[in-house]
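I have placed the structure first, in the form of structure tokens, so that the comments after it can refer back to it.
These figures come from a predicted structure and were not determined experimentally.
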Amino acid sequence: MSAVTPVQSAGAFTRTRLRFRAWRGDRPFWAGLFTLLGGVPIAYFPYATLKLGHVSIAMATTAGAGSLIIGVLLVTLGLTMWFQQATRIFAGVASIVLALVSLVVSNIGGFVIGFLLALVGGALALSWAPGEEPAKGTPAQDETPAGAAPAGTLPEDPGPAPQPVEESAGAVPGPREHSEDVVPDNDNGRHRAG
């Protein structure tokens with residue numbers, strides 16, 4: 001598909017992919033995804049029962065309710081980053097604080113997996129900034145007005161060279177206007193043409 005092909009001629013999958021790409025570019029998508037994924041192991045591990053052959057290992061702790069609350073809050077903050085971009089600073093700080101609290105409350109932060117994911121998601125939310133819209137009436141960066149050279153190139157014909165200004169007969173030349181063949185005649189500053 002070329003750059004000039006209209007989106008309507010593309011298939012349904014391509015249209016959906018392009019719409020998702022545009023949606024993802026308008027929000028802190030990766031911050032929300034990491035925060036959301038960080039909440040899952042924090043909430044899951046205290047209630048999980050692992051079976052190794054005939055042996056079952058229960059990881060239930062007395063802080064299971066706290067882990068569930070932290071996990072659900074991290075999932076909620078991840079969704080908030082996606083759908084309420086204006087609250088990304090609050091959501092990022094809250095994600096970092098909850099990730100730190102999960103180290104103590106929830107099996108070392110979901111065995112460090114949930115802690116690291118939530119910490120990275122919160123940091124990404126704090127560092128994300130929305131892009132600027134191009135000003136109306138000015139072309140976008142990738143658009144070139146008709147007849148204009150692309151950015152970074154020199155025009156082929158720069159036009160006529162500037163003409164020197166002619167001096168009048170009685171004008172005294174300035175310090176930069178002396179010619180190379182004028183030499184001082186004596187010590188009193190008079191010059192003679194050589």
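Using modelled atom types, no side-chain atom of Ser67 and backbone atom of Ala43 make a donor-acceptor pair closer than 3.5 Å. A donor-acceptor distance shorter than 3.5 angstrom exists from the side chain of Arg27 to the backbone of Trp82, with no hydrogens or angles considered.
In the hydrophobic clustering of this structure, Leu103 groups with Leu116; members are Ile, Leu, Val, Met, Phe, Trp, Tyr whose side-chain heavy atoms approach within less than 4.5 Å, directly or through other members. Connection of Trp30 to Val75 is established within a shared hydrophobic cluster, with ILVMFWY side chains joined at heavy-atom distances below 4.5 Å, either directly or through further cluster members. Residues Ile108 and Phe115 fall within the same hydrophobic cluster, defined by Ile, Leu, Val, Met, Phe, Trp and Tyr side chains chained together at heavy-atom separations under 4.5 Å. Grouping the Ile, Leu, Val, Met, Phe, Trp and Tyr side chains by contacts below 4.5 angstrom, directly or via other members, places Val105 with Leu73.
Between the CZ atom of Arg24 and the CG atom of Leu33 there is a distance of 10.5 Å, given to the nearest 0.5 Å.
No side-chain heavy atom of Pro130 sits less than 4.5 Å from a side-chain heavy atom of Gln85.
A tilted orientation is assigned to the rings of Phe83 and Trp23, their planes being inclined by 30° to 60°.
The shortest non-hydrogen separation linking Ala118 to Leu74 is CB-CD1, 3.9 Å. Shown here for Ala125 and Ala31, the closest heavy-atom pair between the two residues is N-CB, 3.4 Å. Gly110 and Phe45 make their closest contact through O-CE1, 3.6 Å (heavy atoms, listed as atom of the first residue, atom of the second, distance).
Applying the side chain to side chain contact (heavy atoms under 4.5 Å, CB included) test to Arg19 and every residue at least two apart in sequence or in another chain returns Arg15. With sequence neighbours excluded, the residues forming a side chain to side chain contact (heavy atoms under 4.5 Å, CB included) with Thr76 are Val72, Thr80, listed by chain and number. In this structure Leu117 satisfies the side chain to side chain contact (heavy atoms under 4.5 Å, CB included) test together with Phe34, Leu37, Ile113, sequence neighbours excluded. By the side chain to side chain contact (heavy atoms under 4.5 Å, CB included) test, Phe13 pairs with Arg17, sequence neighbours left out.
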Side chains of residues 88-98: which donor-acceptor pairs under 3.5 Å do they make with residues two or more places apart or in other chains?
unit_1, atom_1, unit_2, atom_2, d
Arg88, NE, Trp128, O, 3.4
Arg88, NH1, Trp128, O, 2.7
Arg88, NH2, Trp128, O, 3.4
Ser95, OG, Ala91, O, 2.8

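The aromatic ring centres of Tyr44 and Phe111 sit 6.0 Å or more apart.
Residue Met81 belongs to no hydrophobic cluster, having no ILVMFWY side-chain heavy atom closer than 4.5 Å to its own.
Each of Leu79, Leu119, Leu124, Leu77 was evaluated against Thr35; a single residue qualifies, Leu77, per the side chain to side chain contact (heavy atoms under 4.5 Å, CB included) test.
More than 12 non-hydrogen atoms from other residues, nucleotides or ligands lie less than 6.0 angstrom from CG of Leu100.
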